[in-house]
Amino acid sequence: MLRAKKIYIEGIVQGVGFRPFVFKLASELGLKGYIYNDTNGVYIEVEGEEGLIDEFIKSIPKKAPPLALVERIFTEETQVKGYSEFFIEKSKGGEEKFVLISPDVSTCDDCLRELFDPSDRRYRYPFINCTNCGPRFTIIVDVPYDRAKTTMAVFKMCRECESEYHDPSNRRFHAQPNACPVCGPSLKLFDNKLNEINCEDPIKEVSKILKNGFIVAIKGLGGYHLACDALNNNAVAELRKRKMRIEKPFAIMIPDVDWLDKICNYDEVELELLTSIQRPIVLIKKRRDCPIAYEVAPRNSYLGVMLPYTPLHHLLMREVNLPLVMTSGNLTEEPIAYKDDDAFERLGKIADFFLVHNREIHMRCDDSVSAVIAGKPVVFRRSRGYVPYPVKLQFEAKKQVLAVGGHLKNTFCFLKGRYAFLSHHIGDLENWATLKSLIEGVEHFKKLFDLKPEVLAYDMHPEYLSTKFALELDIPVKVPVQHHHAHVVSCMAENGLSGPVIGVAFDGTGYGTDGKIWGGEFLITELARFERIAHFDYVPLPGGEIAIKEPWRMALSYLVYSFGDHFQLIEIPFVKFLKENWSKVKILLKMIDKGINSPMTSAVGRLFDAVSAICSVRLKVNYEAQAAMEFQMVADEDESGVYEFEIIDSMRPWRISFKQGIRGVVQDIESGLDVSKIAGKFHNTIARIICEVAQKIKSETGINDVVLSGGVFQNALLVKKTISELEKSGFKVYTHSKVPPNDGGISLGQAVVALFNAV
């Protein structure tokens, strides 16, 4: 008996080969009807034998294309209309625009084979793609996802491409960026005076230019990269000088996995992450005999490595056959350049040459950065390859929420239904250009996902640009969210927890409810509220923000905290440095004593800075968390010693005094203990403090779930030791994986907190 059903499917089902897949499946089963895209997903009407229709519905999520993700299927009976075949209809617009969109995806194996096949009509074509790979998020202007609503609309397909595009049996059926050398985007090469370099093959020419030590700006998927030979120390040093990036590590792109064996020691999890379709930058430990130029990652035992992820990259890397620095096309602190005119203007004094294409980038999107910590992939910068795919929530958001994130590593986040749409990396809100990028990103997401926020979340810090931006928006309900509450809730949300949990939020800066700077916090946390149950002792931050860039100031503050005026009697190299700069030190001592421009901080990030400086590892920094990172790098991972500390629990919140710990560090330096042993003991001590405080909280409350969040938990050694301590004590430990533990993840936490506090 013939039956008919309407089927609605939500998820990532547009631009990923979903309609041709359904077409083939229906044809194989002898079913009739049709399918089309609309602004909510895909709609299918199907007719046939009841058993075959049931098989059809069950097979859809099981056999869907690799980039598709079926979130929900709804079915209802309908009348049999007597269709003669199964066909694909044109996309339909609708009142509500809400469809999940695929991120930009690395080149698939089928396209790679064609790219390097001399007999293929797309041989060496830098913009080859199909429904299984290629640009998505960065070229979409509006939904539904059709070519006319992408930046490919200006390229009229040739007869052969048009034929593929309309053939349901073809891999390029409705591949919106479909193109070939006859009808699609093309490359041009310019010098930095904008004179076009006439050459037969721009990629071969650029390869020669790079091998000769020049710097090239390369237009990629979500913006421009600055590239140079990663084996040429002079070229890398020159790039540093021009980009004004003194020591912060550069990312490199390697031609293939074989090169990884020459430069890094890696495990299977790191390799799997590196070769995933997201193709993030992965932080991997250098080999001792690593040939990569020292200037790529000075005083750093890790390299940020990525593989080619676009056809252009594959062609270039095969041609040059060398690792290349592939860093964001910007001056330090600016957003990545993605518009051609802007790139020529901003990068003209950095790059010697420009490799440019004429496919417009609609939305900038930096490379994602990740690492493997305690055997689990963790994303530090969630951007290309991951965005705009949402984080699935364990609850239904009854109101739409916009959260505008923090000041550093800014992202924004929308809640709608069961989804949290966490944005691509915006950057540090230090200037108008980055704030403008935030504003543009918010507007683009509103358009893509039909977002009309009713609730607005923002950080409590009154001077953050994101906060000032939020307070100007015309959204009826505004909810300020404490920074560390947002950190913990972001980790809870991605792990499906509602609480209460023991939240451990360690970072460098966050505005507290008492007006002081928090960052060493133990919070009993629920989605709507928190109680600050313990924190590290407050110490002065002499000079305010400048103490973040000059960790020796925090070291002085901690010595005064631990020894009083007697610190001058200590005979270690760091105190000798202080005496050599005594005129400045005297001023700081007065500031500390009288509380002048010396806000109080409990931040563990600043404690790491202080101990790093006391050990003379790093007195001044050129990028965020440099002192803490270099201190981690020198640590002896096998060291088992622990410094003394005190948990003062006479009143709530409890205080953690590290005076004895600082005295122990100084004593070890005086006795000549190697800094690697001191760093190892310090990491052990922080892990032990976390465990002992958690045990005290558990004994009072019975809470057994511990959540670790905040930038300090990017420290792989600390995370590994902390998880070990906690699990040995019977705790269930939750860490980040899908969302950054740093401030790039707090917008998710802000959004969830605001939702549960909205009146």
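Quick caveat, the model's predicted, so the values are computed rather than measured.
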* Is it true that a side-chain atom of Asn715 and a backbone atom of Leu718 form a donor plus acceptor pair closer than 3.5 Å? -> yes

* Working to the nearest 0.5 Å, report the span between CD of Glu526 and CG of Leu497. => 12.5 Å

* To do: Please determine, by modelled atom types, if Glu494 and Ser737 share a side-chain donor-acceptor pair under 3.5 angstrom.
  => no

* Asked: So, the side chain of Ser612 versus the backbone of Phe608: is there a donor-acceptor pair under 3.5 Å, distance only?
  -> no

* **Under 3.5 Å side-chain donor-acceptor pair for Ser747 and Thr411** => yes

* Verify the distance criterion only: is there a donor paired with an acceptor across the side chains of Asn684 and Glu639 at less than 3.5 Å? => no

* Asked: If only atom types and distance count, is the side chain of Ser383 paired as donor or acceptor with the main-chain N or O of His425 below 3.5 Å?
  -> yes

* **Heavy-atom pair with the smallest gap, counting every atom of Ser729 and Gln695** => OG-NE2, 3.0 Å

* **CA sep, side-chain torsions, deciding dist, call: Val693, Ile656, side chain to side chain contact (heavy atoms under 4.5 Å, CB included)** => CA-CA 9 Å; Val693 174; Ile656 299 139; 4.0 Å; yes

* To do: Could you tell me whether Asp668 and Lys681 have a side-chain N and a carboxylate O separated by less than 4.0 Å?
  => yes

* Asked: Cationic tip of Lys698 within the cone over Phe731's six-membered ring, i.e. under 6.0 Å and within 45° of the normal?
  -> yes

* **Distance-only side-chain donor-acceptor flag, His487 / Asp743, under 3.5 Å** => yes

* To do: Provide the closest heavy-atom pair for Ser598 versus Gly543 in the form atom of the first, atom of the second, distance.
  => OG-N, 4.0 Å

* Asked: When Tyr643 is tested against each of Ile689, Ile678, Val611, Ile686 for side chain to side chain contact (heavy atoms under 4.5 Å, CB included), which residue passes?
  -> Ile678

* **Ion pair Lys732/Asp705, N-O distance below 4.0 Å** => no

* Step by step, would you call Val666 with Tyr558 a side chain to side chain contact (heavy atoms under 4.5 Å, CB included)? -> CA-CA 11 Å; Val666 168; Tyr558 264 99; over 6 Å; no

* Structure fact -> Between Val282 and Ala371, the two heavy atoms sitting closest are CG1-CA, 4.5 Å

* To do: Answer yes or no: is there an ion pair linking Asp609 with Arg606, defined by an N-O contact shorter than 4.0 Å?
  => yes

* Glu268 CD: over 12 foreign heavy atoms closer than 6.0 Å -> no

* To do: For the pair Gln632 (side chain) and Ala628 (backbone), establish whether a donor and an acceptor sit closer than 3.5 Å, ignoring hydrogens and angles.
  => no

* **Between SG on residue Cys264 and CD1 on residue Ile284, distance to nearest 0.5 Å** => 5.0 Å

* Could you tell me whether the side chain of Cys491 reaches within less than 4.5 Å of the side chain of Leu708, counting heavy atoms only? => no

* Asked: Is it the case that Lys576 places NZ or CZ above or below the six-membered ring of Phe574, under 6.0 angstrom from the centre and within 45 degrees of the axis?
  -> no

* Asked: Do other residues, nucleotides or ligands put more than 12 heavy atoms under 6.0 Å from Gln568 CD?
  -> yes

* Using the salt bridge (Lys or Arg N to Asp or Glu O under 4.0 Å) rule, collect all pairs that involve residues 716-728, keeping only residues at least two apart or in two chains. => Glu637-Lys720, Arg688-Glu725

* Find the distance between NE2 (His535) and CG (Asp514) and round it off to the nearest 0.5 Å. => 7.5 Å

* Compare all side-chain heavy atoms of Ile524 with those of Ile703 and state whether any distance is below 4.5 angstrom. => yes

* To do: Quick one: do Phe682 and Phe631 satisfy ring pair (Phe, Tyr, Trp, His ring centres under 6.0 Å)? Show the steps, please.
  => CA-CA 10 Å; Phe682 178 76; Phe631 195 54; 5.8 Å; yes

* Any donor and acceptor pair, going by atom type alone, linking the side chain of Glu270 with main-chain N or O of Asp267 inside 3.5 Å? -> yes

* Under the 6.0 Å and 45° cation-pi test, does Lys516 pair with Tyr538? -> yes

* Checking Asp459 side chain against Gln482 main chain: does a donor-acceptor pair fall under 3.5 Å? -> no

* Asked: Parallel, tilted or perpendicular for His424 and Phe412, by the 30°/60° rule?
  -> perpendicular

* Could you tell me whether a side-chain N or O of Ser557 sits under 3.5 Å from a main-chain N or O of Arg553, the two making a donor and an acceptor? => no

* State, yes or no, whether a side-chain contact exists between Thr434 and Ile426 at a heavy-atom distance under 4.5 Å. => yes

* **Pro280 side chain reached by Leu273 side chain, heavy atoms, under 4.5 Å** => yes

* Asked: Got a donor-acceptor contact below 3.5 angstrom from the Thr467 side chain to the His461 backbone?
  -> yes

* To do: Would you give the length of the straight line joining atom CG of Leu429 to atom NZ of Lys468, rounded to the nearest 0.5 angstrom?
  => 12.0 Å

* Do you know which two heavy atoms are closest between Val404 and Gln750, and how far apart they sit? -> N-OE1, 3.7 Å

* Return the orientation label for the Phe577 and Trp552 ring planes: parallel under 30°, perpendicular over 60°, tilted otherwise. => perpendicular

* Test item: Lys286 side-chain N/O and Ala297 main-chain N/O as donor-acceptor pair under 3.5 Å -> yes

* To do: Check whether any side-chain N or O of Thr525 sits under 3.5 Å from a backbone N or O of Leu523 as a donor-acceptor pair, and report yes or no.
  => yes

* To do: Evaluate the side-chain proximity of Leu578 to Leu559: yes if any heavy-atom separation is below 4.5 Å, no if none is.
  => yes

* Does the gap between the ring centers of Phe536 and Phe506 come in under 6.0 Å? -> yes

* Gap separating the CH2 atom of Trp654 from the CD1 atom of Ile533, nearest 0.5 angstrom -> 4.0 Å

* To do: Answer yes if the side chains of Asp507 and His483 hold a donor-acceptor pair under 3.5 Å, and no otherwise.
  => yes

* Asked: Would you say Tyr266 and Leu274 make side-chain contact, with heavy atoms under 4.5 Å?
  -> no

* Mark yes or no: Arg532 above the aromatic ring of Trp518, with NZ or CZ under 6.0 Å from the six-membered ring centre and no more than 45 degrees from the axis. => yes

* **Within 6.0 Å of CD in Gln667, more than 12 heavy atoms from elsewhere** => no

* Asked: Should the pair Arg652-Glu700 be classified as a salt bridge under the 4.0 Å nitrogen-to-oxygen rule?
  -> yes

* **Validation row: Leu408, Glu624 side chains within 4.5 angstrom (heavy atoms)** => yes

* Structure fact -> Heavy atoms of Val489 and Gly749 approach each other most closely as CG1-O, 3.9 Å

* Asked: Which atom pair, heavy atoms only, marks the closest approach of Val752 to Ala493?
  -> CG2-CB, 4.1 Å

* To do: Verify the distance criterion only: is there a donor paired with an acceptor across the side chains of His736 and Asn495 at less than 3.5 Å?
  => no

* Counting only heavy atoms not in Arg655, do more than 12 sit closer than 6.0 Å to its CZ atom? -> no

* Asked: Do Asn410 and Leu438 have side chains that get closer than 4.5 Å, going by heavy atoms?
  -> yes

* To do: Salt-bridge test for Asp366 and Arg382: reply yes if a basic N is under 4.0 Å from a carboxylate O, no otherwise.
  => no

* Report yes or no: is the cationic atom of Lys659 (NZ for Lys, CZ for Arg) under 6.0 Å from the centre of the six-membered ring of Tyr561, at an angle within 45° of the ring normal? => yes

* Asked: Are Asp428 and Lys409 close enough for a salt bridge, meaning some N to O gap below 4.0 Å?
  -> no

* How many angstroms lie between atom CD1 of Ile546 and atom NZ of Lys620, to the nearest 0.5 angstrom? -> 8.5 Å

